[in-house]
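Hydrogens, waters and symmetry mates are skipped; everything else that's a heavy atom, side chains included, is used.
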Amino acid sequence: MIRTKPLALVTGASSGIGAAFARRLARDGFSLILVARRRDRLEALARDLGGAEVLAADLVNDDELRVVEDRIAAAPDLELLVNNAGFGTLGRFFEIPVESQDRMHRLHVMATLRLTHAALRVMAPRGKGGVINVSSVAAFGPSPQNVSYSATKAWMNSFTEGLRLELKTARSPVQVQALCPGFTYSELLDTAGVDRSTVPSWLWMRPEDVVDASLRGLARGKARVVPGAIYKLAVTFEIRTPRWLRNAVVVRLGGWRRKKKPQAR
Ligand SMILES: NC(=O)c1ccc[n+]([C@@H]2O[C@H](COP(=O)([O-])OP(=O)(O)OC[C@H]3O[C@@H](n4cnc5c(N)ncnc54)[C@H](OP(=O)(O)O)[C@@H]3O)[C@@H](O)[C@H]2O)c1
């Protein structure tokens with residue numbers, strides 16, 4: 001197929017940061033492939049954008065993940081892959097069902113790994129393209145009730161950094177980026193069952209601003225983007241504070257995450 005517009009595939013495009021990526025990339029002149037489980041949401045977004053390809057897939061499911069991989073393999077002109085699909089959980093690792101932790105690892109780790117592999121197979125030989133892996137500031141330090149989330153996001157950062165080094169040593173201009181947002185308005189905390197009011201209002205970012213920081217970073221070849229001055233400061237503090245001290249403070253504070261209050265019926 002002869003395509004005049006650059007092509008981008010965004011996972012988790014049915015809400016939050018992924019939907020903001022889709023809207024921004026469409027405005028920037030990209031053709032889009034939108035991936036998530038909720039087909040109705042993706043179709044509504046595609047209509048809003050004046051057209052986009054919709055690929056409804058549960059990326060935790062091997063067969064459905066394979067369909068998305070195959071779609072990437074059949075898109076030699078793919079310009080940008082955004083591995084954004086993700087979710088959080090609430091509760092201690094040993095108290096919540098192992099199945100949700102298993103799904104999280106499949107989504108954050110295995111789907112990111114496989115889709116990135118498929119994308120780099122088409123981008124590296126062409127010497128063009130980029131991959132954005134949506135990680136989190138949680139990647140910089142584990143915390144109670146967020147163990148698998150922090151661990152999988154730390155994997156994403158390490159994976160992206162390794163790829164960056166590999167592409168540089170292969171003298172490839174293909175860009176990879178770990179995008180590490182802090183609290184961002186989306187459905188993430190609601191889905192995890194966390195009470196949003198436990199997060200101070202000044203910590204929240206708009207998904208559009210997160211996407212803007214990411215794409216500005218990509219244009220400048222930044223391998224890691226932490227949107228927002230507060231979060232840049234927090235990450236610097238997190239990295240520079242001796243681990244024993246940082247961990248002692250975390251234990252002292254305990255888990256901040258509170259469950260949503262039960263809804264009145
Ligand atoms: N919001 C924050 O505060 C924050 C902070 C740091 C990092 N992040 C990261 O940002 C990314 C986007 O999250 P968000 O904040 O925009 O939350 P969100 O509004 O809940 O969006 C999550 C997206 O992931 C998709 N998704 C979830 N499970 C999936 C699966 N098994 N297969 C395919 N798609 C799946 C969801 O679509 P369907 O339900 O339709 O499948 C949805 O489109 C995540 O990786 C998250 O970890 C968010």
Within one Ile-Leu-Val-Met-Phe-Trp-Tyr cluster: L189 and W202, side-chain cutoff 4.5 Å
yes

Quick one: does H105's side chain have a donor or acceptor within less than 3.5 Å of a partner on S100's backbone?
no

Could you list the cluster mates of F93? Members are the ILVMFWY residues connected by side-chain heavy atoms closer than 4.5 Å, either directly or through other members.
V147

Shortest non-hydrogen contact between L49 and A26, atoms and distance:
CD2-CB, 4.0 Å

Side-chain heavy atoms nearer than 4.5 Å, only ILVMFWY residues, links allowed to pass through others: does that put I96 and V60 together?
no

When you look at V35 and L9, which way does the side chain to side chain contact (heavy atoms under 4.5 Å, CB included) test go after all the steps?
CA-CA 7 Å; V35 180; L9 186 147; 3.8 Å; yes

Closest contact, heavy atoms only, L7 versus A75:
CD2-CB, 3.8 Å

Heavy atoms of other groups near R38 CZ, more than 12 under 6.0 Å:
yes

Please list all pairs passing the side chain to side chain donor-acceptor pair (under 3.5 Å) test where one or both residues lie in residues 245-254, with sequence neighbours left out.
E238-R246

I'd like to check L55 versus R71 (side-chain heavy atoms, cut-off strictly below 4.5 Å). Are they in contact?
yes

For side chain to side chain contact (heavy atoms under 4.5 Å, CB included), just list the numbers for V210 and R206, CA-CA rounded to whole Å, side-chain angles, deciding distance to a tenth of an Å, and then say yes or no.
CA-CA 7 Å; V210 168; R206 295 182 331 132; over 6 Å; no

Smallest heavy-atom separation, F30 atom then A8 atom, equals CD2-CB, 3.6 Å

If you look only at pairs with a residue in residues 52-75, which of them pass as a ring-ring contact (aromatic ring centres under 6.0 Å, His included), with sequence neighbours excluded?
none

CZ-CG distance between R103 and L59, expressed to the nearest 0.5 angstrom
13.0 Å

How is the hydrophobic cluster of V251 composed, in terms of its other members, when Ile, Leu, Val, Met, Phe, Trp and Tyr link through side-chain heavy atoms under 4.5 Å apart, directly or indirectly?
none

Has E79 got a side-chain atom pairing as donor or acceptor with P6's backbone, closer than 3.5 angstrom?
no

Answer yes or no: does atom CZ of R243 have more than 12 heavy-atom neighbours from other residues, nucleotides or ligands under 6.0 Å?
yes

Please find the pair of heavy atoms, one from L45 and one from A13, that lie closest to each other, and give the distance.
CD2-O, 3.3 Å

From I17 atom CD1 to M205 atom CE, the distance as rounded to the nearest 0.5 Å
9.5 Å

Can you find a heavy atom in the side chain of E53 that is under 4.5 Å from one in the side chain of L34?
no

Is there a donor-acceptor contact under 3.5 Å from the side chain of R126 to the main chain of L78?
yes

Could you see if V225 belongs to whatever hydrophobic cluster contains L203? Use Ile, Leu, Val, Met, Phe, Trp, Tyr and a side-chain cutoff under 4.5 Å.
yes

Determine whether a donor-acceptor pair (N or O, by modelled atom type, separation under 3.5 Å) exists between the side chain of K232 and the backbone of P227.
no

Please check if the number of heavy atoms outside K128 that lie under 6.0 Å from its NZ is greater than 12.
no

Taking N146 for the side chain and Y149 for the main chain, is one N or O donor matched with an acceptor at less than 3.5 Å?
no

Can R66 and D63 be counted as an ion pair, charged N to O under 4.0 angstrom?
no

Taking the side chain as everything from C-beta on, heavy atoms only, tell me whether L81 gets closer than 4.5 Å to L115.
yes

Do NZ/NE/NH1/NH2 and the carboxylate oxygens of D48 and R23 come within less than 4.0 Å?
yes

May I have the step-by-step check of salt bridge (charged side-chain N to carboxylate O under 4.0 Å, His left out) for E43 and R39, ending in yes or no?
CA-CA 6 Å; E43 285 175 348; R39 178 183 289 280; 3.6 Å; yes

Given the rule that I, L, V, M, F, W and Y join up when any side-chain heavy atoms are under 4.5 Å apart, are L165 and V131 in one cluster?
no

Steps toward side chain to side chain contact (heavy atoms under 4.5 Å, CB included) verdict (S214, V211)
CA-CA 5 Å; S214 169; V211 168; 5.5 Å; no

Just so I know, are the side chains of L218 and K222 near enough to count as touching, which here means a heavy-atom distance under 4.5 Å?
no

For G18 and V10, work out which heavy atoms get closest and say how close.
O-CG1, 3.6 Å

Can you find a heavy atom in the side chain of R224 that is under 4.5 Å from one in the side chain of L179?
no

Which pairs pass ring-ring contact (aromatic ring centres under 6.0 Å, His included) with one or both residues in residues 152-181, sequence neighbours excluded?
W155-F159

Could you go through the salt bridge (charged side-chain N to carboxylate O under 4.0 Å, His left out) check for R121 and E69 one step at a time?
CA-CA 11 Å; R121 296 278 271 214; E69 270 180 307; over 6 Å; no

When rounded to the nearest 0.5 Å, the distance separating CD of Q177 from CG of L163 is 13.0 Å

For V134, which of T11, V82, T184, N83 qualifies under side chain to side chain contact (heavy atoms under 4.5 Å, CB included)?
V82

For residues L32 and A22, report the shortest heavy-atom separation together with the two atoms involved.
CD1-O, 3.2 Å

Carefully, step by step, assess R196 and W204 under the rule side chain to side chain contact (heavy atoms under 4.5 Å, CB included).
CA-CA 10 Å; R196 277 196 201 198; W204 288 99; 4.2 Å; yes

The residue among R106, M104, Q101 that forms side chain to side chain contact (heavy atoms under 4.5 Å, CB included) with T152 is M104

Lys/Arg-Asp/Glu bridge criterion (N-O < 4.0 Å) met for R114, D62:
yes

Quick one: do E208 and R27 make a salt bridge, cutoff under 4.0 Å?
no

Taking the side chain as every heavy atom from C-beta outward, state whether R41 and S15 have any atom pair closer than 4.5 Å.
yes

Do L245 and V235 share a hydrophobic cluster (ILVMFWY, side-chain heavy atoms under 4.5 Å, transitive)?
no

Counting C-beta onward and ignoring hydrogens, is there a side-chain heavy-atom pair between L188 and F183 closer than 4.5 Å?
no

Any side chain to side chain donor-acceptor pair (under 3.5 Å) pairs touching residues 157-169, not counting sequence neighbours?
N133-T160, S135-N157

Side-chain heavy-atom pair L25, L215 within 4.5 angstrom cut-off
yes

